[in-house]
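Beneath this line is the structure, given in structure tokens, with notes to follow.
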Amino acid sequence: MPPSPAKLRKAYINREHPVVLLRFEDGHEIRIVRGTAKTFDAYAGEVIKVVAVYDPTSTERELLDTVRADDLADAEPHEAR
């Protein structure tokens, strides 16, 4: 059995689109509104689709990019309080 891929802590910042969805291989999505950032766990080699949503009442989506988790920015470590 092959070893499990490494778990990575990544971040995505949405600077220009009203809403961006990150769609992961397992089917879950992360919603990021303009001007915010989200951090999340992903697996090394996992393919993530970056999709823009311009009208939340419509089912229309625009594929912006398809990226590997390894290529996204690493999340900044935070201090425990």
Side-chain angles (χ1 to χ4, degrees):
M1 203 158 105
S4 298
K7 200 176 213 183
L8 309 171
R9 189 73 179 156
K10 295 295 182 170
Y12 188 88
I13 302 169
N14 177 11
R15 292 188 173 101
E16 46 186 277
H17 302 284
V19 176
V20 167
L21 297 176
L22 301 181
R23 288 190 178 153
F24 294 81
E25 289 179 353
D26 66 1
H28 82 278
E29 296 178 343
I30 295 176
R31 184 178 206 83
I32 307 168
V33 296
R34 184 185 352 232
T36 61
K38 294 271 182 155
T39 59
F40 52 90
D41 291 327
Y43 291 101
E46 183 173 15
V47 176
I48 302 168
K49 292 183 180 180
V50 182
V51 180
V53 178
Y54 294 102
D55 180 3
T57 62
S58 170
T59 58
E60 188 175 323
R61 307 288 189 253
E62 179 183 339
L63 179 64
L64 299 174
D65 201 1
T66 301
V67 296
R68 293 212 174 267
D70 309 18
D71 298 334
L72 291 172
D74 291 331
E76 294 290 326
H78 65 279
E79 295 180 24
R81 295 180 190 218

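Just so you know, residue 1 is the first one in the sequence shown, and it goes up from there.
Linking Ile, Leu, Val, Met, Phe, Trp and Tyr residues whenever their side-chain heavy atoms come within less than 4.5 Å places Val67 and Leu64 in a single cluster. When the side chains of ILVMFWY residues are joined at heavy-atom separations under 4.5 Å, either directly or via intervening members, Val19 and Leu63 end up in a single hydrophobic cluster.
Between Val53 and the options Glu62, Arg61, Glu60, a side chain to side chain contact (heavy atoms under 4.5 Å, CB included) holds for only Arg61.
The NZ atom of Lys10 lies 4.0 Å from the CG atom of Asp74; values are rounded to the nearest 0.5 Å. Going from atom CG of Leu21 over to atom CG of Asn14 covers 10.0 Å, rounded to the nearest 0.5 Å. Distance CG/Asp26 to CD/Glu46: 6.0 Å, rounded to 0.5 Å. The NZ atom of Lys49 sits 11.5 Å away from atom CG of Asp65, with the distance rounded to the nearest 0.5 Å. To the nearest 0.5 Å, atom OG1 of residue Thr39 and atom CD of residue Glu76 are 10.5 Å apart. To the nearest 0.5 angstrom, Ile48 atom CD1 is 8.0 Å from Ile30 atom CD1.
Heavy-atom minimum distance, Ala42 versus Ala69: CB-CB, 3.6 Å. Closest approach of Leu8 to Ala44, counting heavy atoms only: CD1-CA, 3.7 Å.
Checked by atom type and distance alone, the side chain of Arg34 never pairs as donor or acceptor with a backbone atom of Arg15 at under 3.5 Å.
Tyr43 is listed as a side-chain neighbour of Lys7, based on a closest heavy-atom distance under 4.5 Å. Between Val50 and Leu22 the shortest side-chain heavy-atom distance falls below 4.5 Å. Annotation: side chain of Ile32 is not in contact with side chain of Phe40 (no heavy-atom distance under 4.5 Å).
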